[in-house]
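Encoded as structure tokens, the structure appears first; notes follow it.
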Amino acid sequence: MSKSSAPVVAPADPAVVNCRIRALLLGGELTPEGREEYGRLLVEWEAAVRAEQELAA
């Protein structure tokens, strides 16, 4: 039996994720959906920064 592996996905660029966060916040007060997106983007940004730091090490 062969195991299938998930495709390798390159981490996002932290600067791009930061721009998406800033754009989301430009609208003023966030809706509940906006807050969910903000939280998801923060997690994505943190992972991207961490991956960038690992590459630099």
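Just so you know, residue 1 is the first one in the sequence shown, and it goes up from there.
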In residues 21-33, what donor-acceptor pairs under 3.5 Å come from side-chain atoms, sequence neighbours left out?
{"unit_1": "Thr31", "atom_1": "OG1", "unit_2": "Glu33", "atom_2": "N", "d": "3.4"}
{"unit_1": "Thr31", "atom_1": "OG1", "unit_2": "Glu33", "atom_2": "OE1", "d": "3.3"}
{"unit_1": "Thr31", "atom_1": "OG1", "unit_2": "Gly34", "atom_2": "N", "d": "2.9"}

**Request:** Return each pair, listed once, that meets salt bridge (charged side-chain N to carboxylate O under 4.0 Å, His left out) where at least one residue sits in residues 36-46; pairs must be two or more places apart or across chains.
**Result:** Arg20-Glu44, Glu37-Arg40, Arg40-Glu44, Glu46-Arg50
**Item:** Those residues that, when tested against Val43, pass side chain to side chain contact (heavy atoms under 4.5 Å, CB included) (two or more places apart)
**Value:** none
**Fill in**
Closest non-hydrogen contact found for Ala48 with Ala12 is CB-O, 3.0 Å
